[in-house]
*Asks:* 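A single structure is presented below for examination.
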Number of protein chains: 4
Amino acid sequence: MHHGNRHGRSEEARRSVLEAADDLLVERGFAKLTIEGIAQRAGVAKQTVYRWWSSKTEILLEAFVEDAAEELTPPDTGDLERDYREHLRRLARFLTESDAGAVFRALTAEAQHDPALAARLRAVHLDRQRERDRLPLERAIERGGLSAGADLDALVDRLVGPIYYRALVTGQEVTDGYVAELVRTIRV
Amino acid sequence: MHHGNRHGRSEEARRSVLEAADDLLVERGFAKLTIEGIAQRAGVAKQTVYRWWSSKTEILLEAFVEDAAEELTPPDTGDLERDYREHLRRLARFLTESDAGAVFRALTAEAQHDPALAARLRAVHLDRQRERDRLPLERAIERGGLSAGADLDALVDRLVGPIYYRALVTGQEVTDGYVAELVRTIRV
Amino acid sequence: MHHGNRHGRSEEARRSVLEAADDLLVERGFAKLTIEGIAQRAGVAKQTVYRWWSSKTEILLEAFVEDAAEELTPPDTGDLERDYREHLRRLARFLTESDAGAVFRALTAEAQHDPALAARLRAVHLDRQRERDRLPLERAIERGGLSAGADLDALVDRLVGPIYYRALVTGQEVTDGYVAELVRTIRV
Amino acid sequence: MHHGNRHGRSEEARRSVLEAADDLLVERGFAKLTIEGIAQRAGVAKQTVYRWWSSKTEILLEAFVEDAAEELTPPDTGDLERDYREHLRRLARFLTESDAGAVFRALTAEAQHDPALAARLRAVHLDRQRERDRLPLERAIERGGLSAGADLDALVDRLVGPIYYRALVTGQEVTDGYVAELVRTIRV
DNA sequence: TCTTAAGCGAGACGGTACGTCGCGTCTTGGC
DNA sequence: GCCAAGACGCGACGTACCGTCTCGCTTAAGA
């Protein structure tokens, strides 16, 4: 086995770091997550971490993109409201219960006082997620079940916004009934 | 001027600390906000800070409650939609542009990985704010302009949720048109 | 027990550091002597070392002055040559065999590329030692056994110079016979 | 120009390293002399340095032997004292003012806590230098101007010892008068 | 009036983590 | 087979804050 050479970095070290960061975030929380600790858990030199990442949020971002981004694609049942009921339930569960959701919340939290991170987070995840979020609406327009003139952006916001709000701000539970009522408002 | 006495804390020191914390948060951001720095800026001994607060978020929470909580009361014009248009516009501005909003975002961010802080934040601000947020709806019901059976909680979420979502997550601008369309959905 | 307050540093920490430095120099040698290691062995925070000393040589210098400087006072038997035979033998043993001598050699070594240290070393030790080195000559002049016009500085150099030369440069042994012949040259 | 071949080491790389080491020692001092820095300045891979030398002192030793060892041969005027006056003056100047002397002081300094280096330094330089140092004495004996029974080793020590002592330990200046008086003591 | 105890500014303390530098080892592809 | 390049694990550097502590002061209540 070798460690690093001129033709690029050690993939092994890279994976170790991402996994260690993920594990430690879930185990100890963001505040107690340190680069020193990540390096130690990963069995890697601290310098190796600093060589490839500039901060612990960069590591989390890469880890997040790597293993979690594709989870949240809405289903395609041919029924607009049914698709969103399922999708929003999954979104709520992702935000409040999953490990990947914990990483996402940590990143979103840091992005509040780090505009560069906010931009990166949008670029690598949020923009793509937004496209996935609107898929059922686009399919409904294709099927003719929804007016083509609708402001999809605003409509998506009205669906996912309250979910994020409850998950990130008020901490209120997102019940099936809550989701169902939310989805019913699409018919405007 | 005096420092200390045997009957209670120095109000002067308390104010200095809160102001220093507020200023430094806006100047340097949450990550560079340190208790050591707050104490120095406030001209106060570190021990004095630790005597009365347990963390920098506790200080920010007290500062936030002290100077900002009352800003976000919706107007009462007798017109439901007009009240919310104004209220949501103010909410968006508060979240994205004001100093107090920066403190709120920092606290909400920290609350993502600190359940105790999340609970405190709800207790001292969010619950009360929620009551203020629903005032126009309650007045509309009293006026008979809205069905008494409506689920006000869910309705409030559908109004403020998208605002928080844009301000805290996607960073998209909240335009007057966006607010107007959002408010129009109340009539369901 | 207390650690530090506004009325000066902890004497306990100071002693621990000096002893740890002394011990570690003898155990591991100068190259493997680290401030991190000294702090750990002394049971002291690294910052406490840096607060009071600027380098490991500063620590060694203080330790050296504290426990070793007074060892090398020549005896006073009333016999000039006898006094120097004894003194030079002790000097050789100090330089090549004692722990304090090891510290002295380390400091002299560092002083080769650190003029500030060289000056400090002279100020706190060498100048005083030089005065002790010439005592037998001065007593001999008082007794009338030596011409008052002699260049004492040069004479002292001719006595101690070869001892330092063998101890620090060539590593040749300093035998009793060598010392005896050296001392015999005083009668010029 | 070529880099590497299958028939032995690159003389070009060797020279670059020795020159870089010499230059950097004089420019930055021994403490700031690093193998990493030498390799970079020499335009050579770190591995190439490690392939041929085991430490920075080994490099300096080779550099020292290469360019400086022959400077200190005493003149041969046929006059014992005159030869030594000139030789000791040159020795003092070498030790305190020349670049090669800086390298020598650095090596002697390191040799204080590195017996292997001390032995190497003697083997490659000091022993030979000692032979050069005694040449005038040997010539004087041949000429009959000095008793054949004299202890030449001790005599040489009494001449060069004080010079090294002043140069390496006390830092006092070595004046022409000082040298002259020292040389006068040969006639014992 | 005089003691006395609580709060104060100050700052040293034992720690942990920071981000950087240099160590000595390694692997690679080119010559 | 040596070379330039450079990533790697490692360990120490010197710094910044952490949260705790002791100190001498000021002050006001109560003995």
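In what follows, chains are A, B, ... by sequence order, proteins preceding strands, each numbered from 1.
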*Asks:* Want to settle it: does A/Glu11 or D/Ala42 sit nearer the 5' end of DNA chain F, counting the closest nucleotide to each?
*Replies:* D/Ala42
*Asks:* According to the salt bridge (charged side-chain N to carboxylate O under 4.0 Å, His left out) rule, which pairs have a member within residues 44-55 of chain B, sequence neighbours left out?
*Replies:* B/Glu36-B/Lys46
*Asks:* Once you round to the nearest 0.5 Å, how far does CD1 of D/Ile35 lie from CG of D/Leu24?
*Replies:* 12.0 Å
*Asks:* Nearest 0.5 angstrom please: D/Asp22 CG to D/Leu60 CG, how far?
*Replies:* 7.0 Å
*Asks:* Sort and list the pairs that fulfil salt bridge (charged side-chain N to carboxylate O under 4.0 Å, His left out) and have at least one residue in residues 103-119 of chain B, not counting sequence neighbours.
*Replies:*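 Residue pairs passing salt bridge (charged side-chain N to carboxylate O under 4.0 Å, His left out), neighbours aside: none found.
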*Asks:* Enumerate the residues from residues 16-33 of chain D whose closest heavy atom to DNA chain E is under 4.0 Å, giving them by residue number; use none for an empty result.
*Replies:*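 Nothing qualifies; none.
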*Asks:* Should we count CZ of A/Arg14 as having more than 12 external heavy atoms under 6.0 Å?
*Replies:* yes
*Asks:* Scan residues 24-33 of chain B for pairs that pass side-chain hydrogen bond (donor to acceptor under 3.5 Å, both in side chains), counting only residues two or more places apart or in two chains.
*Replies:*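 Sorted result for residues 24-33 of chain B: B/Glu27-B/Arg41.
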*Asks:* Over how many whole Å does the gap from B/Ile38 atom CD1 to F/dG19 atom C1' extend?
*Replies:*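 One finds 14 Å between C1' of F/dG19 and CD1 of B/Ile38, rounded.
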*Asks:* Nearest whole Å is fine: how far is F/dC10 P from A/Gln40 CD?
*Replies:* 10 Å
*Asks:* Map C/Val44 and A/Gly37 onto DNA chain E by nearest heavy atom, then report which one ends up closer to the 5' terminus.
*Replies:* C/Val44
*Asks:* Check this one for me: any side-chain N or O of B/Thr48 less than 4.0 Å away from OP1 or OP2 of E/dG9?
*Replies:*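 Yes, within the criterion.
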*Asks:* Considering only residues two or more places apart or on different chains, which pairs with a residue in residues 23-55 of chain D satisfy ring pair (Phe, Tyr, Trp, His ring centres under 6.0 Å)?
*Replies:* C/His113-D/Phe30
*Asks:* Rounding to a whole Å, what distance do you find between C/Glu36:CD and E/dT20:C1'?
*Replies:* 14 Å
*Asks:* In this structure, how many angstroms lie between the P atom of E/dG19 and the CD1 atom of A/Ile59, rounded?
*Replies:* 10 Å
*Asks:* Side-chain donor or acceptor of D/Lys46 under 3.5 Å from a matching atom on the base of F/dG6?
*Replies:* no
*Asks:* I need the residues from residues 51-58 of chain B with at least one non-hydrogen atom less than 4.0 Å from DNA chain E; give them sorted by number, or say none.
*Replies:*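 Those residues are B/Arg51, B/Trp52.
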*Asks:* Which of these nucleotides, E/dG19, E/dC8, E/dG14, is closest to any side-chain atom of C/Ala13?
*Replies:* E/dG14
*Asks:* Nearest heavy atom decides the nucleotide; on that basis, is C/Gln47 or D/Tyr50 closer to the 5' end of DNA chain E?
*Replies:* C/Gln47
*Asks:* Would you give the length of the straight line joining atom CG of C/Leu61 to atom CD of C/Glu66, rounded to the nearest 0.5 angstrom?
*Replies:* 11.0 Å
*Asks:* Test your reading of the model: is there a side-chain donor-acceptor pair from C/Gln112 to the backbone of C/Thr108, 3.5 Å cut-off?
*Replies:*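 Yes, the answer is positive, given that a donor and an acceptor are paired below the 3.5 Å cut-off.
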